[in-house]
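Quantities reported herein were computed from a predicted structural model and do not represent experimental measurements. Letters A, B, ... are given to chains in the order of the sequence lines, protein chains preceding strands, and every chain is numbered from 1.
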Amino acid sequence: MPELPEVETVRAGLAPSLTGAKVTDVRVLDERSLKRHQGGTADFMNSLQGCRIEAVVRRGKFLWLPLTAHDDRFKSPVALVGHLGMSGQMLLRDVGAEPDKLTRVVISAIESSGQPVEFRFVDQRIFGSLAIDDLVTTSDSKPGGFSAGALANSPLLGLIPRSAAHIARDPLDEDFDVAAVTAKFAKKNSGIKRVLLDQNLLSGIGNIYADEALWRARLHYDQPAASLSKAKSRELLEHVRVILSDAVAEGGTSFDEQYKNVNGESGYFAVSLNAYGMTGRPCNRCGNPIKRDSWMNRGSHYCPRCQRLKIG
DNA sequence: ATGGACACCTGTGGGC
DNA sequence: TGCCCACAGGTGTCCA
(Lines give C-alpha, C1' and ligand atoms only; values in the text may rest on other atoms or scores of the structure.)
Protein backbone atom coordinates (compact mmCIF):
# COMPACT_ATOMS: atom_id res chain seq x y z
CA MET A 1 0.00 0.00 0.00
CA PRO A 2 2.67 2.33 -1.03
CA GLU A 3 1.87 6.01 -1.00
CA LEU A 4 1.36 8.32 1.96
CA PRO A 5 -2.44 7.87 2.38
CA GLU A 6 -2.12 4.10 2.41
CA VAL A 7 0.80 4.17 4.86
CA GLU A 8 -1.03 6.63 7.11
CA THR A 9 -4.11 4.37 7.06
CA VAL A 10 -1.88 1.54 8.24
CA ARG A 11 -0.21 3.71 10.90
CA ALA A 12 -3.55 4.84 12.30
CA GLY A 13 -4.75 1.25 12.33
CA LEU A 14 -1.70 -0.09 14.14
CA ALA A 15 -1.37 2.65 16.75
CA PRO A 16 -4.32 1.84 19.07
CA SER A 17 -3.30 -1.80 19.30
CA LEU A 18 0.48 -1.64 19.30
CA THR A 19 1.21 1.50 21.34
CA GLY A 20 2.41 0.19 24.67
CA ALA A 21 2.30 -3.44 23.49
CA LYS A 22 4.97 -5.94 24.48
CA VAL A 23 6.57 -8.34 21.97
CA THR A 24 6.23 -11.99 23.00
CA ASP A 25 7.37 -13.88 19.90
CA VAL A 26 8.90 -13.28 16.48
CA ARG A 27 8.68 -15.63 13.50
CA VAL A 28 10.58 -14.95 10.27
CA LEU A 29 9.09 -16.93 7.40
CA ASP A 30 11.15 -15.30 4.64
CA GLU A 31 14.52 -13.76 5.45
CA ARG A 32 14.41 -11.61 2.31
CA SER A 33 11.98 -9.31 4.11
CA LEU A 34 14.82 -8.46 6.54
CA LYS A 35 17.29 -7.43 3.84
CA ARG A 36 17.56 -3.92 5.30
CA HIS A 37 18.28 -5.24 8.78
CA GLN A 38 21.98 -5.13 9.60
CA GLY A 39 22.89 -8.19 11.65
CA GLY A 40 20.93 -11.17 10.44
CA THR A 41 17.73 -12.95 11.34
CA ALA A 42 18.72 -14.16 14.81
CA ASP A 43 19.81 -10.66 15.77
CA PHE A 44 16.49 -9.27 14.52
CA MET A 45 14.50 -11.73 16.61
CA ASN A 46 16.64 -11.36 19.74
CA SER A 47 16.47 -7.57 19.54
CA LEU A 48 12.67 -7.54 19.39
CA GLN A 49 11.89 -10.25 21.94
CA GLY A 50 10.36 -8.74 25.09
CA CYS A 51 10.53 -5.15 23.85
CA ARG A 52 7.84 -2.57 24.47
CA ILE A 53 6.50 -0.60 21.49
CA GLU A 54 6.35 3.10 22.42
CA ALA A 55 4.50 4.56 19.42
CA VAL A 56 3.71 4.13 15.74
CA VAL A 57 5.30 6.94 13.75
CA ARG A 58 5.28 7.88 10.06
CA ARG A 59 7.08 10.26 7.77
CA GLY A 60 6.27 10.05 4.06
CA LYS A 61 6.05 6.34 3.25
CA PHE A 62 8.28 5.21 6.14
CA LEU A 63 6.76 3.76 9.33
CA TRP A 64 8.61 3.06 12.56
CA LEU A 65 7.94 1.81 16.06
CA PRO A 66 10.32 3.17 18.72
CA LEU A 67 11.28 0.38 21.11
CA THR A 68 12.37 0.14 24.73
CA ALA A 69 13.75 -2.89 26.55
CA HIS A 70 13.65 -3.88 30.21
CA ASP A 71 17.36 -4.70 30.05
CA ASP A 72 20.32 -2.77 28.62
CA ARG A 73 20.49 -4.48 25.23
CA PHE A 74 20.15 -1.16 23.40
CA LYS A 75 23.06 1.21 23.96
CA SER A 76 21.18 3.95 22.12
CA PRO A 77 17.57 4.45 20.93
CA VAL A 78 16.24 2.09 18.26
CA ALA A 79 13.04 1.47 16.31
CA LEU A 80 11.45 -1.27 14.27
CA VAL A 81 11.38 0.36 10.81
CA GLY A 82 8.95 -0.81 8.18
CA HIS A 83 8.52 0.05 4.52
CA LEU A 84 5.72 -1.42 2.41
CA GLY A 85 7.54 -1.19 -0.91
CA MET A 86 5.17 -1.93 -3.80
CA SER A 87 3.02 -4.60 -2.22
CA GLY A 88 3.50 -4.71 1.55
CA GLN A 89 0.67 -5.08 4.06
CA MET A 90 0.73 -4.89 7.84
CA LEU A 91 -2.18 -6.84 9.27
CA LEU A 92 -3.44 -7.24 12.84
CA ARG A 93 -4.98 -10.64 13.46
CA ASP A 94 -6.35 -12.53 16.42
CA VAL A 95 -4.08 -15.30 17.64
CA GLY A 96 -4.83 -18.45 15.68
CA ALA A 97 -6.66 -16.62 12.87
CA GLU A 98 -6.52 -18.08 9.35
CA PRO A 99 -3.07 -17.69 7.77
CA ASP A 100 -2.66 -14.85 5.26
CA LYS A 101 -1.02 -15.72 1.96
CA LEU A 102 2.50 -14.35 1.39
CA THR A 103 3.10 -13.70 5.09
CA ARG A 104 6.82 -13.04 5.58
CA VAL A 105 7.15 -12.08 9.27
CA VAL A 106 4.84 -12.55 12.27
CA ILE A 107 5.30 -10.61 15.51
CA SER A 108 3.16 -11.75 18.44
CA ALA A 109 2.46 -9.19 21.14
CA ILE A 110 0.37 -8.45 24.21
CA GLU A 111 -1.51 -5.17 24.01
CA SER A 112 -1.41 -2.83 27.01
CA SER A 113 -4.99 -3.99 27.71
CA GLY A 114 -3.69 -7.54 28.07
CA GLN A 115 -5.18 -8.71 24.76
CA PRO A 116 -2.86 -10.88 22.64
CA VAL A 117 -2.48 -9.90 18.96
CA GLU A 118 -0.53 -10.97 15.87
CA PHE A 119 1.16 -8.43 13.64
CA ARG A 120 1.66 -9.96 10.20
CA PHE A 121 3.95 -8.49 7.56
CA VAL A 122 2.63 -9.66 4.20
CA ASP A 123 4.48 -8.79 0.99
CA GLN A 124 4.06 -10.25 -2.46
CA ARG A 125 7.07 -8.73 -4.21
CA ILE A 126 9.38 -8.38 -1.20
CA PHE A 127 10.37 -4.81 -2.08
CA GLY A 128 9.23 -3.87 1.41
CA SER A 129 11.16 -4.68 4.59
CA LEU A 130 11.33 -4.72 8.35
CA ALA A 131 14.52 -3.78 10.21
CA ILE A 132 15.79 -2.68 13.60
CA ASP A 133 17.55 0.62 13.08
CA ASP A 134 19.14 3.32 15.21
CA LEU A 135 17.11 6.43 15.96
CA VAL A 136 19.22 9.49 15.36
CA THR A 137 18.99 13.27 15.55
CA THR A 138 19.12 15.30 12.37
CA SER A 139 18.72 18.99 11.71
CA ASP A 140 15.16 18.12 10.71
CA SER A 141 14.37 15.09 12.81
CA LYS A 142 11.00 15.86 14.33
CA PRO A 143 8.75 13.32 12.62
CA GLY A 144 5.26 14.04 11.36
CA GLY A 145 2.07 12.07 11.12
CA PHE A 146 1.92 10.50 14.56
CA SER A 147 -1.07 10.82 16.84
CA ALA A 148 -0.17 13.34 19.49
CA GLY A 149 -2.05 11.42 22.17
CA ALA A 150 0.18 8.41 22.45
CA LEU A 151 3.34 8.99 24.45
CA ALA A 152 3.65 12.43 22.92
CA ASN A 153 6.19 13.43 25.52
CA SER A 154 8.61 10.61 24.83
CA PRO A 155 12.01 11.94 23.76
CA LEU A 156 12.08 9.07 21.24
CA LEU A 157 9.53 10.95 19.12
CA GLY A 158 12.07 13.64 18.33
CA LEU A 159 14.32 11.11 16.61
CA ILE A 160 14.28 9.51 13.16
CA PRO A 161 15.66 6.20 11.89
CA ARG A 162 19.07 6.47 10.26
CA SER A 163 17.66 4.74 7.17
CA ALA A 164 14.97 7.45 6.84
CA ALA A 165 17.07 10.47 7.80
CA HIS A 166 17.22 11.67 4.19
CA ILE A 167 13.42 11.68 3.82
CA ALA A 168 11.94 15.18 3.69
CA ARG A 169 8.80 16.26 5.52
CA ASP A 170 5.56 15.33 3.80
CA PRO A 171 2.72 17.71 2.84
CA LEU A 172 0.54 16.57 5.77
CA ASP A 173 3.28 17.34 8.32
CA GLU A 174 2.34 20.34 10.46
CA ASP A 175 5.84 21.71 9.87
CA PHE A 176 5.80 21.23 6.08
CA ASP A 177 7.30 24.42 4.63
CA VAL A 178 5.55 25.40 1.38
CA ALA A 179 7.81 28.38 0.74
CA ALA A 180 10.97 26.32 1.18
CA VAL A 181 9.73 23.61 -1.17
CA THR A 182 8.63 26.03 -3.90
CA ALA A 183 12.06 27.65 -3.64
CA LYS A 184 13.61 24.24 -4.31
CA PHE A 185 11.30 23.72 -7.29
CA ALA A 186 12.61 26.98 -8.75
CA LYS A 187 16.12 25.54 -8.83
CA LYS A 188 15.23 22.22 -10.47
CA ASN A 189 15.37 21.86 -14.22
CA SER A 190 13.99 18.33 -14.07
CA GLY A 191 10.44 17.58 -15.09
CA ILE A 192 7.91 18.41 -12.40
CA LYS A 193 6.77 14.82 -11.90
CA ARG A 194 10.31 13.62 -11.28
CA VAL A 195 10.60 16.41 -8.70
CA LEU A 196 7.28 15.50 -7.02
CA LEU A 197 8.55 11.93 -6.65
CA ASP A 198 11.89 12.99 -5.13
CA GLN A 199 11.49 11.97 -1.48
CA ASN A 200 14.45 14.21 -0.55
CA LEU A 201 12.50 17.35 -1.50
CA LEU A 202 9.07 16.38 -0.20
CA SER A 203 7.92 12.91 0.74
CA GLY A 204 4.87 10.69 0.51
CA ILE A 205 3.96 11.19 -3.16
CA GLY A 206 4.07 8.22 -5.52
CA ASN A 207 2.91 7.49 -9.04
CA ILE A 208 -0.86 7.65 -8.38
CA TYR A 209 -0.99 10.92 -6.48
CA ALA A 210 1.64 12.57 -8.71
CA ASP A 211 -0.50 11.88 -11.78
CA GLU A 212 -3.64 13.05 -9.96
CA ALA A 213 -2.08 16.29 -8.69
CA LEU A 214 -0.64 17.12 -12.12
CA TRP A 215 -4.03 16.50 -13.74
CA ARG A 216 -5.70 18.92 -11.30
CA ALA A 217 -2.98 21.52 -11.86
CA ARG A 218 -3.13 21.00 -15.67
CA LEU A 219 0.61 20.38 -15.79
CA HIS A 220 2.51 18.04 -18.12
CA TYR A 221 4.79 15.60 -16.29
CA ASP A 222 7.87 16.80 -18.18
CA GLN A 223 7.28 20.51 -17.58
CA PRO A 224 10.55 21.74 -16.01
CA ALA A 225 9.93 22.51 -12.33
CA ALA A 226 11.91 25.73 -12.61
CA SER A 227 9.56 27.00 -15.33
CA LEU A 228 6.62 27.14 -12.88
CA SER A 229 5.79 30.49 -11.35
CA LYS A 230 5.85 30.71 -7.56
CA ALA A 231 2.05 30.91 -7.63
CA LYS A 232 1.75 27.83 -9.86
CA SER A 233 4.08 25.86 -7.57
CA ARG A 234 2.02 26.84 -4.56
CA GLU A 235 -1.16 25.85 -6.40
CA LEU A 236 0.31 22.45 -7.27
CA LEU A 237 1.37 21.83 -3.67
CA GLU A 238 -2.12 22.75 -2.50
CA HIS A 239 -3.59 20.19 -4.93
CA VAL A 240 -1.16 17.63 -3.53
CA ARG A 241 -2.15 18.42 0.05
CA VAL A 242 -5.87 18.20 -0.70
CA ILE A 243 -5.55 14.95 -2.65
CA LEU A 244 -3.44 13.31 0.04
CA SER A 245 -5.75 14.36 2.87
CA ASP A 246 -8.88 13.38 0.93
CA ALA A 247 -7.33 9.97 0.24
CA VAL A 248 -6.44 9.55 3.93
CA ALA A 249 -10.08 10.30 4.76
CA GLU A 250 -11.15 7.55 2.32
CA GLY A 251 -8.72 5.02 3.79
CA GLY A 252 -6.38 5.16 0.78
CA THR A 253 -6.65 3.84 -2.78
CA SER A 254 -7.08 0.19 -3.67
CA PHE A 255 -7.80 -1.58 -6.95
CA ASP A 256 -7.31 -5.25 -6.18
CA GLU A 257 -6.38 -7.82 -3.58
CA GLN A 258 -3.09 -6.08 -2.67
CA TYR A 259 -3.23 -2.82 -0.70
CA LYS A 260 -5.24 -3.36 2.43
CA ASN A 261 -5.65 -1.70 5.83
CA VAL A 262 -4.70 -3.56 9.01
CA ASN A 263 -8.01 -5.45 8.93
CA GLY A 264 -7.49 -6.57 5.34
CA GLU A 265 -10.04 -4.11 3.93
CA SER A 266 -9.64 -1.91 0.83
CA GLY A 267 -9.78 1.88 0.61
CA TYR A 268 -12.25 3.86 -1.46
CA PHE A 269 -10.24 6.67 -3.07
CA ALA A 270 -10.08 4.78 -6.39
CA VAL A 271 -13.51 6.20 -7.28
CA SER A 272 -11.99 9.71 -7.19
CA LEU A 273 -9.20 9.10 -9.71
CA ASN A 274 -9.11 11.33 -12.81
CA ALA A 275 -5.89 10.25 -14.53
CA TYR A 276 -4.12 7.28 -12.96
CA GLY A 277 -5.22 4.03 -14.60
CA MET A 278 -7.71 5.89 -16.82
CA THR A 279 -5.92 5.26 -20.13
CA GLY A 280 -8.35 5.69 -23.04
CA ARG A 281 -11.19 6.95 -20.82
CA PRO A 282 -12.52 10.47 -21.49
CA CYS A 283 -10.93 13.25 -19.43
CA ASN A 284 -13.40 14.37 -16.75
CA ARG A 285 -12.68 17.98 -17.71
CA CYS A 286 -12.58 18.07 -21.53
CA GLY A 287 -13.58 14.61 -22.76
CA ASN A 288 -10.32 13.96 -24.60
CA PRO A 289 -8.97 10.41 -24.02
CA ILE A 290 -6.45 10.08 -21.18
CA LYS A 291 -3.04 8.95 -22.46
CA ARG A 292 -0.42 6.72 -20.87
CA ASP A 293 3.25 7.33 -21.66
CA SER A 294 6.07 5.01 -20.66
CA TRP A 295 8.19 7.08 -18.37
CA MET A 296 10.97 6.21 -15.91
CA ASN A 297 10.27 2.48 -16.20
CA ARG A 298 6.63 3.02 -15.26
CA GLY A 299 3.60 4.86 -16.58
CA SER A 300 2.48 8.47 -16.67
CA HIS A 301 -1.22 9.16 -17.17
CA TYR A 302 -2.40 12.56 -18.36
CA CYS A 303 -4.80 14.45 -20.61
CA PRO A 304 -2.93 15.51 -23.78
CA ARG A 305 -5.28 18.48 -24.20
CA CYS A 306 -5.50 19.81 -20.63
CA GLN A 307 -1.90 19.08 -19.70
CA ARG A 308 0.25 20.46 -22.52
CA LEU A 309 4.01 20.83 -22.31
CA LYS A 310 4.74 24.56 -22.48
CA ILE A 311 8.06 25.32 -24.11
CA GLY A 312 9.35 28.58 -22.78
C1' DA B 1 23.05 18.27 -11.51
C1' DT B 2 20.52 15.23 -14.58
C1' DG B 3 18.46 11.43 -16.79
C1' DG B 4 18.42 6.72 -17.82
C1' DA B 5 18.91 1.81 -16.97
C1' DC B 6 18.57 -1.63 -13.87
C1' DA B 7 18.40 -4.39 -9.61
C1' DC B 8 15.54 -6.15 -6.00
C1' DC B 9 10.74 -9.80 -6.56
C1' DT B 10 5.97 -12.29 -7.37
C1' DG B 11 1.69 -12.45 -9.50
C1' DT B 12 -1.90 -11.42 -12.82
C1' DG B 13 -4.01 -10.60 -17.14
C1' DG B 14 -4.04 -10.16 -22.20
C1' DG B 15 -2.87 -11.99 -26.74
C1' DC B 16 -1.91 -15.88 -29.46
C1' DT C 1 -4.59 -25.42 -21.96
C1' DG C 2 -0.03 -23.22 -22.06
C1' DC C 3 3.43 -19.75 -23.13
C1' DC C 4 5.31 -15.15 -23.46
C1' DC C 5 5.05 -10.40 -22.68
C1' DA C 6 3.61 -6.23 -20.36
C1' DC C 7 2.49 -4.43 -16.29
C1' DA C 8 2.01 -3.29 -11.11
C1' DG C 9 1.33 1.87 -5.93
C1' DG C 10 9.00 2.00 -4.38
C1' DT C 11 13.77 2.73 -3.55
C1' DG C 12 18.62 2.66 -4.23
C1' DT C 13 22.70 2.52 -7.03
C1' DC C 14 25.60 2.80 -10.87
C1' DC C 15 26.86 4.92 -15.29
C1' DA C 16 26.96 8.31 -19.01
### Query
Considering only side-chain heavy atoms of His83(A), which listed nucleotide, dT11(C), dG9(C), dC9(B), is closest?
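The answer is dT11(C).
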#### Entry: Nucleotide of dG9(C), dC7(C), dC9(B) approaching Tyr276(A) most closely (side-chain heavy atoms)
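Selected nucleotide (nearest to the side chain): dG9(C).
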Rounded to whole angstrom, note down the [atom1] distance from [N] over to [M].
N      : M       : atom1 : value
dC6(B) : dA6(C)  : P     : 13 Å
dC7(C) : dC9(B)  : P     : 22 Å
dT1(C) : dT10(B) : P     : 25 Å

#### Entry: Option from Lys193(A), Gln307(A), Arg292(A) for which side chain to side chain donor-acceptor pair (under 3.5 Å) with Asp211(A) holds
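Running side chain to side chain donor-acceptor pair (under 3.5 Å) over Lys193(A), Gln307(A), Arg292(A) with Asp211(A) returns exactly one hit, Lys193(A).
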Report yes if a side-chain nitrogen or oxygen of [X] is closer than 4.0 Å to either non-bridging phosphate oxygen (OP1 or OP2) of [N]; otherwise report no.
X         : N       : result
Arg292(A) : dA8(C)  : yes
Arg104(A) : dC9(B)  : no
Arg36(A)  : dC8(B)  : no
His166(A) : dT11(C) : no

### Task
Provide the closest heavy-atom pair for Pro116(A) versus Val95(A) in the form atom of the first, atom of the second, distance.
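Heavy atoms only, the tightest pair is CB-CG2, 3.8 Å.
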### Query
How close do Gly267(A) and Ser254(A) get, heavy atom to heavy atom, and via which atoms?
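Smallest heavy-atom distance, with atoms named: N-CB, 3.7 Å.
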#### Entry: Carboxylate-amine/guanidinium proximity below 4.0 Å for Arg120(A) and Asp100(A)
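Yes, this pair counts.
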### Those residues that, when tested against Phe185(A), pass ring-ring contact (aromatic ring centres under 6.0 Å, His included) (two or more places apart)
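By the ring-ring contact (aromatic ring centres under 6.0 Å, His included) rule, Phe185(A) matches no residue at all.
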### Message
Test of understanding: with ring-ring contact (aromatic ring centres under 6.0 Å, His included), list the residues that count as partners of Phe44(A), not counting sequence neighbours.
### Response
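If we apply the ring-ring contact (aromatic ring centres under 6.0 Å, His included) test to Phe44(A), skipping adjacent residues, the hits are His37(A).
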### Query
Does Ile110(A) share a hydrophobic cluster with Leu14(A), counting links as ILVMFWY side-chain heavy atoms below 4.5 Å and allowing steps through other members?
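Each belongs to a different hydrophobic cluster.
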### Task
Any chance you could encode DNA chain C as dot-bracket? Rule is Watson-Crick or G-U wobble with both distances under 3.5 Å; [ ] for pairs crossing earlier ones, | for another strand.
.|||||||.|||||||
Show me the side-chain donor-acceptor pairs of residues 243-250 of chain A shorter than 3.5 Å, one per line, residues at least two apart or across chains.
| from | atom 1 | to | atom 2 | distance (Å) |
| --- | --- | --- | --- | --- |
| Ser245(A) | OG | Arg241(A) | O | 3.0 |
| Ser245(A) | OG | Val242(A) | O | 3.2 |

Can you check the [X] [atom1] to [N] [atom2] distance for me, whole Å?
X         : N       : atom1 : atom2 : result
Lys101(A) : dG11(B) : NZ    : C1'   : 10 Å
His37(A)  : dC8(B)  : NE2   : P     : 22 Å
Trp295(A) : dA8(C)  : CH2   : P     : 13 Å
Met296(A) : dC7(C)  : CE    : P     : 16 Å
Asn297(A) : dA7(B)  : CG    : P     : 10 Å
Ile126(A) : dG9(C)  : CD1   : C1'   : 17 Å
Phe62(A)  : dG12(C) : CZ    : P     : 5 Å
Glu3(A)   : dT11(C) : CD    : P     : 9 Å

#### Entry: Remaining members of hydrophobic cluster (4.5 Å side-chain criterion), Leu102(A)
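Traced through the cluster, Leu102(A) reaches Leu91(A), Val122(A).
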### Message
Within a 6.0 Å radius of atom NZ on Lys232(A), are there more than 12 heavy atoms belonging to other residues, nucleotides or ligands?
### Response
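Counting neighbours around NZ of Lys232(A), more than 12 heavy atoms of other residues, nucleotides or ligands fall under 6.0 Å, so yes.
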### Task
Check whether the aromatic ring of Phe127(A) stacks on the base of dT11(C), taking stacking as ring centres less than 5.5 Å apart and planes within 30° of each other.
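It does not: the two rings, one from Phe127(A) and one from dT11(C), miss the stacking criterion.
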### Query
Considering only heavy atoms, which members of residues 185-210 of chain A lie under 4.0 Å from some atom of DNA chain C?
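Close to the strand are Gln199(A), Gly206(A), Asn207(A), Ile208(A).
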